[in-house]
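The analysis underlying the following values was restricted to heavy atoms, covering all of them including side chains, and did not include hydrogens, waters or symmetry mates.
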Amino acid sequence: MIRRILPLVAGLLWASSAFAADVSLLNVSYDPTRELYVDFNKAFAAAYQKETGKSVEIKQSHGGSGSQARAVIDGLQADVVTLALAYDIDAVAGKGLVATDWQKRLPLNASPYTSTIVFLVRKGNPKGIKDWDDLIKSGVSVITPNPKTSGGARWNYLAAWGYALKKYGSADKAKKFVADLYQNVPVLDTGARGSTVTFVERGVGDVLLAWENEAFLAQREFGKDKFEIVAPPQSILAEPPVAVVDAVADKKGTRAVAEAYLKYWYTREGQEIAARNSYRPRDPEIAREYEKSFAKVELFTIDDVFGGWTKAQKEHFAEGGIFDQIYKN
Amino acid sequence: MSMQSGLVSSTSQLRAYAPTTDVSVAAPAPLLEVARAQPVTAPRNLRTEPGPIRFIIIALAIIFLSVFVVLPLVVVFASAFSKGIMAYFAALAEPEAMAAIKLTLLIAAISVTLNLVFGVIAAWAISKFEFTGKTFLITLIDLPFSVSPVISGLVFVLLFGAQGFFGTWLQAHNVHILFAVPGIALATIFVTFPFVARALIPLMQEQGTQEEEAAISLGASGLQTFFRVTLPNIKWGLLYGVLLCNARAMGEFGAVSVVSGHIRGETNTMPLLVEILYNEYQFVASFAIASLLAMLALITLVVKTILERRLDEAEVSDGD
């Protein structure tokens, strides 16, 4: 049987490799961006072919942001990384695979699209959830993933903290607020998509803390008659960054394409693709065009409130950090 | 799917340790209790049980099987065809699905071939020769059964990852093992290597060495002895081991997930793609792939039953 299968398999493999493009890039990204990058890759490949006459194929790999960074560190041959938060790319840079000044090499903190954290509630909003304060009421069940493993979960946590810090004015009170919030969390999934599945399909919880783009996607998939998006008056500006993996791109000789690929995000076409996929565009003109698609939210940044990712990571999510302290009690 | 492979592997273990007993997987516990309730001197014939008890036992077994085996299978196929037969085949014809099917077949072909060779050699060494450290070798062969698949995958990350033991050398020479076909094959070989050896060892031990000794004393060479005497004797057991090895190789999730890198259309095997598609709300596509794995499990069960019958027949004719 094996003797018969082997030539067959070899034939199929040969057939599939016969269509190889001139250049091939691997983009290692996080969970919810698959649809975004399917669109973006198609547009970039067309634009690149038009400009240079060369065909380019972009392969995608998706997973939890932290574990994707780990895979690149362990040798996954990514030409570019497009992860959920700067800290994960810093981790890759820490191993010498990306230059440490990576976030200055592209405009706007190397984050060509942004998002924020919103609430997804069941139709009719039966618990009347309007703002962060409603999340700590007794009897409200909140779904959010584990900040130890999920990038999205860390944005959720920091958004809640930032809100409480502004409203109540001290770190102690913010800690109390976030602790109360996690009291209402019945289950911590490992990733953002896992939490969405828990909320949407398994029907657990009253409110899901989610990436704005993820909330829109769930609504598109399951219908507006089942879920409503509630945008709190204040939330965090989530900046998912992108970077060329220098070590890999230089070895494979793909640096020029990889750089062109990321720069394409900053073009009009790139920004429109982001907006169409419910990521907030950064180009002011495009942002105005899509103004109606996104709720008005007052956004604070991680640099302003937490002094950057490295500091936030160390204080809140490291072993024995604030999250460990509040989640134990 | 994990339930499927779990079932296959647990029966195989039973099978490997007790090749001649027909163990009922569904309801061993009630059977045992009934046997114990009998006076020691009474013949162990279940037919002497009163009718209602027999009925209850059979009903329990059928309910158990329906809930844990038949129902999930029905759900898989119902979901796969929920949007019609066209959607089903369209999902399977997707380039990512085709790539996953190809990769899974390739990995199964590599790991089954290598484990076939390794399994025969190991079983041969253990059953036909006496040497120190034999028990240790048997324990080592069993190791993958007792190690969590995730750990099996991580071992290869620690060995071949860029930060791992051979990492620097591999990077310098541009050899890709992890996050490529070789890594997936290695992890699969690791988790499946007990199957062939475990199916052969009891069989070969039982058969002893007389026939081989006779062949050699009549002037046959070592290879001739192997192909003309040993191989015909073990062929059904060998096929049995290959079958289970193949089922596990195609169904393995944990170890492969760790070393895959999840590159779309390149390093995703079928079980990995099932999870990915499910998480992307593509339920029809996800269950379409799952249905292929379920069919593999069903075919495996049927072939396994046939092979078990052949094995028993072979043993009976040996006894004559």
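- In this structure, the portion of Arg70(A) lying under 4.5 Å from any heavy atom of chain B is its side chain and not its backbone.
- Considering only heavy-atom pairs separated by less than 4.5 Å from chain A, the leading option among Gln171(B), His262(B), Glu266(B) is His262(B).
- Glu96(B) touches chain A through its side chain: at least one heavy atom from C-beta onward sits under 4.5 Å away, while N, CA, C and O do not.
- Crowding of Lys83(B) atom NZ: a count of heavy atoms from other residues, nucleotides or ligands under 6.0 Å not exceeding 12.
- Using a 4.5 Å cut-off on side-chain heavy atoms (C-beta onward), Tyr37(A) and Arg264(B) make no contact.
- Residue Gln60(A) touches chain B through both its backbone and its side chain, counting heavy-atom pairs closer than 4.5 Å.
- Atom NZ of Lys42(A) sits in a sparse spot, with 12 or fewer heavy atoms from other residues, nucleotides or ligands closer than 6.0 Å.
- The two residues Gln163(B) and Asp74(A) come nearest to each other via the heavy atoms CG-OD1, 4.1 Å.
- Within the 4.5 angstrom heavy-atom criterion, atoms from both the backbone and the side chain of Ile263(B) approach chain A.
- The neighbour count for Arg228(B) CZ, taken as heavy atoms of other residues, nucleotides or ligands under 6.0 Å away, does not exceed 12.
- Interatomic distance, NE2 of His62(A) versus CD1 of Ile276(B), reported as 9.0 Å (0.5 Å rounding).
- Between Phe283(B) and Phe222(A), the two ring planes are tilted [angle within 30° to 60°].
- Options Val28(A), Leu26(A), Asn27(A), Ile73(A) differ in how many heavy-atom pairs under 4.5 Å they form with chain B, and the most are formed by Ile73(A).
- Pairing each heavy atom of Ala71(A) with each of Phe179(B), the nearest pair is O-CE1, 3.3 Å.
- From Thr267(B), atom OG1 reaches atom NZ of Lys59(A) across 9.5 Å, with rounding to the nearest 0.5 Å.
- By the 6.0 Å contact criterion, NZ on Lys251(A) is enclosed, its count of non-hydrogen atoms from other residues, nucleotides or ligands being greater than 12.
- Residues Arg193(A) and Tyr278(B) fail the side-chain proximity criterion, which asks for heavy atoms closer than 4.5 Å.
- Ser61(A) and Gly261(B) make their closest contact through OG-O, 2.6 Å (heavy atoms, listed as atom of the first residue, atom of the second, distance).
- Annotation for Arg276(A): atom CZ counts as buried by contact number, over 12 foreign heavy atoms lying within 6.0 Å.
- In this structure, Tyr87(A) places its OH atom where only 12 or fewer heavy-atom neighbours from other residues, nucleotides or ligands lie under 6.0 Å away.
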